[in-house]
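Everything on this sheet refers to the single structure shown next.
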Amino acid sequence: MSSSFEYVLGLGDDALVAAQRLAEWAARAPEMEEDVALANIALDQLGVARLLLTYAGEREGAGRDEDALAYLRDDREFRNCLLVELPESDFAVTMVKLLFLSAYQKPLYDWLAGSDDERLSAIADKARKESAYHLDHASLWTVRLGDGTDESHRRAQDAVDRLWPYTHELFDGEHASLRPQWMETVGRVLDEATLTRPADGGWAPGGGRQGLHSEHLSYLLAEMQVLHRAHPGARW
């Protein structure tokens, strides 16, 4: 398994962008308890992003720390998958996206926990415990929405149909072996939620790992980076 700068950077960018998207739900979730839950999941992702970006900066050897990598790169320099940058205007989209992401991150971190790279292994060992909770939380909500009212079912199915093509990018390269486990996990949840799994073989967008992103990432980064860029080097 790889522990190159670009590889670790991609893992860190996935977590960082996912955290930013989840944080957008603060005070907007359908239940007060869910405000807290999503904020905590966002903080979990952010914590892992900090560890990974710090390590990526050290591997690069150019003097960039976690803040420089988070706040001082343009969108073409980010290596996150496209899935995490998609906007989450609908709660069903958020939960289905979290299901797809956590069902990928959990086995990924399990695998990386066995890495010969002791630093990456330690980060993954911490992250996989948190990902197990994220997967459980997203699974429960997906079932609740999919097997709920006609309206919640419709929105959940729309979310599955919309996001499914973006999941193929998760399994490019050395992550291809993780797809069968992901399919089993996600398929089990979708069946319980009475949701239909889309057929494979159609449109499958990609390019995020190479820095080719949607316009959504540009808007997200503008909001995330504005304070740091407006006051470079500030401390408080």
Side-chain angles (χ1 to χ4, degrees), residues 11 14-15 17-19 21-22 24-25 28-31 33-45 48 80-113 124 127-172 175-205:
L11 298 178
D14 282 350
V17 175
R21 280 296 185 213
L22 287 167
E24 294 174 349
W25 278 100
R28 294 179 54 233
E31 301 173 353
E33 184 177 0
E34 194 59 23
D35 277 340
V36 177
L38 288 179
N40 283 332
I41 293 173
L43 286 172
D44 287 343
Q45 293 280 6
V48 173
N80 58 277
C81 62
L82 298 179
L83 177 68
V84 294
E85 70 193 47
L86 299 176
E88 301 181 1
S89 56
D90 191 288
F91 186 71
V93 172
T94 295
M95 283 303 143
V96 172
K97 185 198 288 191
L98 184 60
L99 170 67
F100 289 171
L101 179 65
S102 57
Y104 156 75
Q105 287 182 325
K106 175 60 169 61
L108 171 63
Y109 291 142
D110 284 341
W111 178 59
L112 291 175
R128 65 177 175 168
K129 299 167 187 173
E130 297 168 346
S131 292
Y133 163 70
H134 303 169
L135 177 57
D136 183 61
H137 188 81
S139 298
L140 290 173
W141 264 110
T142 300
V143 171
R144 182 177 176 183
L145 295 171
D147 198 30
T149 66
D150 289 344
E151 178 65 12
S152 70
H153 177 87
R154 180 188 67 78
R155 292 191 179 199
Q157 186 64 62
D158 285 348
V160 170
D161 293 341
R162 172 188 168 192
L163 297 174
W164 189 267
Y166 292 90
T167 64
H168 296 283
E169 185 183 24
L170 300 175
F171 305 102
D172 288 344
H175 293 173
S177 62
L178 301 176
R179 185 167 173 80
Q181 184 177 349
W182 181 89
M183 289 285 287
E184 180 181 355
T185 300
V186 169
R188 184 170 61 249
V189 175
L190 295 183
D191 285 345
E192 187 176 354
T194 68
L195 297 169
T196 302
R197 181 178 73 85
D200 290 324
W203 177 63

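Note that these values count all heavy atoms, side chains included, but never hydrogens, waters or copies made by symmetry.
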Is the closest basic N to carboxylate O distance between [X] and [Y] below 4.0 Å?
| X | Y | result |
| --- | --- | --- |
| R179 | D200 | yes |
| E192 | R188 | no |
| D110 | K106 | yes |

### Query
Quick one: which of V17, L38, V84 gives a side-chain contact (heavy atoms from CB on, under 4.5 Å) with L22?
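Between L22 and the candidates, side-chain contact (heavy atoms from CB on, under 4.5 Å) is satisfied uniquely by L38.
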
### Message
I need the single residue from V96, V186, L83 that forms a side-chain contact (heavy atoms from CB on, under 4.5 Å) with W164. Which is it?
### Response
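Among V96, V186, L83, the one that satisfies the side-chain contact (heavy atoms from CB on, under 4.5 Å) with W164 is V186.
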
Out of curiosity, [X] [atom1] to [Y] [atom2], how far, rounded to the nearest 0.5 Å?
| X | Y | atom1 | atom2 | answer |
| --- | --- | --- | --- | --- |
| T94 | L163 | OG1 | CG | 9.5 Å |
| D161 | T196 | CG | OG1 | 8.0 Å |
| Q105 | Q45 | CD | CD | 4.5 Å |

### Query
So Y104 and F171, ring-ring contact (aromatic ring centres under 6.0 Å, His included) or not? Walk me through it.
CA-CA 9 Å; Y104 156 75; F171 305 102; 5.7 Å; yes

### Query
Is there a donor-acceptor pair closer than 3.5 Å between any side-chain N or O of S102 and the backbone N or O of S131?
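No: the side chain of S102 does not pair with the backbone of S131.
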
Can [X] and [Y] be counted as having a side-chain donor-acceptor contact under 3.5 angstrom?
| X | Y | value |
| --- | --- | --- |
| H137 | E34 | yes |
| H134 | D44 | yes |
| T142 | S139 | no |

Are [X] and [Y] packed together at the side-chain level, in the sense that at least one heavy-atom pair is separated by less than 4.5 angstrom?
| X | Y | value |
| --- | --- | --- |
| L108 | L170 | no |
| R155 | L145 | no |
| V189 | W141 | no |
| C81 | Y166 | no |

### Verdict with reasoning, V160 to R197, per side chain to side chain contact (heavy atoms under 4.5 Å, CB included)
CA-CA 7 Å; V160 170; R197 181 178 73 85; over 6 Å; no

### Query
With a cut-off of 6.0 Å (strictly less than), are more than 12 heavy atoms of other residues, nucleotides or ligands near CD of E31?
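More than 12 within 6.0 Å, yes.
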
### Task
Take K97 and E88, measure what salt bridge (charged side-chain N to carboxylate O under 4.0 Å, His left out) needs, and give me the verdict at the end.
CA-CA 9 Å; K97 185 198 288 191; E88 301 181 1; 2.9 Å; yes

### Task
Could you check R154 against D150 for salt bridge (charged side-chain N to carboxylate O under 4.0 Å, His left out), going step by step and ending with a plain yes or no?
CA-CA 6 Å; R154 180 188 67 78; D150 289 344; over 6 Å; no

### Task
Give a yes or no on whether the ring-centroid distance for W111 and W182 is below 6.0 angstrom.
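Aromatic pair excluded; centres sit 6.0 Å or further apart.
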
